[in-house]
Number of protein chains: 2
Amino acid sequence: MALTELEGAVLTEIAHRGNHTSFKVRRAFQTSPSSSWSGSAGAVYPAIARLERAGLILAEPGTSRRGTRILSLSTAGAEALKAWLFDGETACSIGADPFRLRSGLWNTLGEEDRRKVVRTMKAAVEAEMAKLVSRTALDPVEDVGNDLAIRLQQLRLDWLDEFDRALPG
Amino acid sequence: MALTELEGAVLTEIAHRGNHTSFKVRRAFQTSPSSSWSGSAGAVYPAIARLERAGLILAEPGTSRRGTRILSLSTAGAEALKAWLFDGETACSIGADPFRLRSGLWNTLGEEDRRKVVRTMKAAVEAEMAKLVSRTALDPVEDVGNDLAIRLQQLRLDWLDEFDRALPG
DNA sequence: CCGAACATGTAACCTGTTACATGATTAC
DNA sequence: GTAATCATGTAACAGGTTACATGTTCGG
């Protein structure tokens, strides 16, 4: 069974934290800074149900009357997660980067628009960067990805500086 | 009308190349190195149909009997593209990065697995990098995004080097 | 003439989104 | 008691994927 990115991320959540419930998995995605996860109930609950049907996660009833169930990985689930972690082709592919997608066309704009776009984007990158910096030191696993996100924003900022310097004047 | 990333990319394709047909737009996505575009007919043709219905692109019949139509942006389409290009919040958000998503858990693996994963990922990044380098100098607009993709892979490589050096021995 | 490439689309399916529905527990 | 939060899910919809269907043009 090939895992989607969300399913892999769900297995990751369950594996690296203990005593996780569906709700906590969902909230982890909701509070994630990445725009690619909405953490919508309509995505997370069905994904967990799929993984359970596929025998990759186990659920045992919790103690409360709310019907909460404690999730854990089965042996097959741990194997599937490892295969997902070690899949270099997927892990190292270039994902969907909205900045990169637009960058080519920014160059073709008139001088006035190029100035405007560089100002707008610098401000937006700096705002994102500030959010990311304020999020560090929450969790050793999350911090690694957060650090990579900061480096990506720094790369964008450097690129914008070059773009700026290439403008006349 | 808020544009999806695919719709924005379609407008970009049509705007920056002349005399584009649906087929050529589709092929541009098929040959794109980004894994996020499959260039499937079931995505591109409906997207073009939506944009046409929304009055953002115009189509005039071509000369051949194949039913090809030459696409161009309407005034509204050019405005929509510009708004999409200048939307800093979307452009500078952190997209879906499969490498970043996995990076946190790589740190939690045992020493043997950490060594294995760093080797696998370095090889995968270098393979991707080679593909990207061989693609440069095709088109001034595409080259900008290609250059950013190369920088992203270089960032990953640097990160993997640090990861490697942090390993005992 | 035949196969490859050009060219356009549709249908079944899967996954994710928003919005809604439902109920339990806790803090005040 | 009641508002916020915890907790789980479903329904309608949007968009993408694969696979298929159909016909044209061109090179050999």
Side-chain angles (χ1 to χ4, degrees), chain A residues 1-11 13-14 17 19-32 34-54 56-57 59-71 84 90 93 95-96 98 101, chain B residues 1-11 13-14 17 19-32 34-54 57 59-71 90 93 95-96 98 101:
Chain A
M1 182 196 179
L3 299 174
T4 66
E5 291 296 284
L6 177 61
E7 286 162 353
V10 166
L11 290 186
E13 258 310 296
I14 295 171
R17 290 200 232 270
N19 287 7
H20 236 34
T21 62
S22 303
F23 182 80
K24 283 181 186 164
V25 170
R26 186 198 165 192
R27 201 178 40 185
F29 290 115
Q30 279 183 306
T31 53
S32 150
S34 173
S35 64
S36 56
W37 308 122
S38 78
S40 59
V44 176
Y45 285 103
I48 290 172
R50 280 198 301 276
L51 292 167
E52 202 181 340
R53 271 201 308 276
L56 303 185
I57 61 180
E60 27 174 4
T63 50
S64 82
R65 237 166 306 178
R66 291 187 200 175
T68 59
R69 298 180 315 146
I70 310 299
L71 306 174
W84 183 81
T90 306
S93 65
L101 184 55
Chain B
M1 179 198 181
L3 298 176
T4 65
E5 290 297 282
L6 176 60
E7 286 163 353
V10 165
L11 290 187
E13 257 311 294
I14 296 171
R17 289 199 233 272
N19 286 9
H20 237 31
T21 62
S22 304
F23 182 81
K24 284 180 185 164
V25 171
R26 188 199 163 190
R27 202 177 41 185
F29 290 115
Q30 280 183 306
T31 54
S32 150
S34 174
S35 63
S36 56
W37 309 120
S38 78
S40 57
V44 177
Y45 284 104
I48 291 172
R50 280 197 300 276
L51 292 167
E52 202 182 338
R53 273 201 306 277
I57 61 181
E60 25 172 5
T63 50
S64 81
R65 238 166 306 176
R66 291 189 202 173
T68 59
R69 299 180 314 147
I70 310 298
L71 306 174
T90 305
S93 65
L101 183 56

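Numbered from 1 within each chain, the chains take letters A, B, ... in sequence-line order.
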- Message: In this structure, how many angstroms lie between the P atom of D/dA14 and the CG atom of B/Leu51, rounded?
- Response: 16 Å
- Query: Please walk me through it: do A/Thr21 and A/Arg69 pass side chain to side chain contact (heavy atoms under 4.5 Å, CB included)?
  - Reply: CA-CA 6 Å; A/Thr21 62; A/Arg69 298 180 315 146; over 6 Å; no
- Query: Just by protein heavy atoms under 4.0 Å, how would nucleotides 8-18 of chain C read 5' to 3' in B, S and -?
  - Reply: BBB----SSBB
- Report the C-alpha distance between B/Ile70 and B/His20 in whole Å, list the side-chain angles of each, state the deciding distance to 0.1 Å, and finish with yes or no for side chain to side chain contact (heavy atoms under 4.5 Å, CB included). CA-CA 6 Å; B/Ile70 310 298; B/His20 237 31; over 6 Å; no
- Minimum-distance pair of heavy atoms, taken over all atoms of B/Pro98 and A/Thr90: CG-O, 3.3 Å
- Of the non-hydrogen atoms in A/Ala2 and A/Glu7, which two are nearest, and what is the gap between them? O-OE1, 4.0 Å
Less than 3.5 Å apart, which donor and acceptor atoms pair up between the side chains of residues 36-43 of chain B and the rest of the protein, not counting sequence neighbours?
| residue | atom | partner | partner atom | Å |
| --- | --- | --- | --- | --- |
| B/Ser36 | OG | B/Ser34 | OG | 2.8 |
| B/Ser38 | OG | B/Ser40 | N | 3.0 |
| B/Ser38 | OG | B/Ser40 | OG | 3.3 |

- CD of B/Gln30 versus P of D/dT17: gap in Å, rounded? 11 Å
- Message: What is the distance, to the nearest angstrom, from the NE2 atom on B/His20 to the C1' atom on C/dA7?
- Response: 14 Å
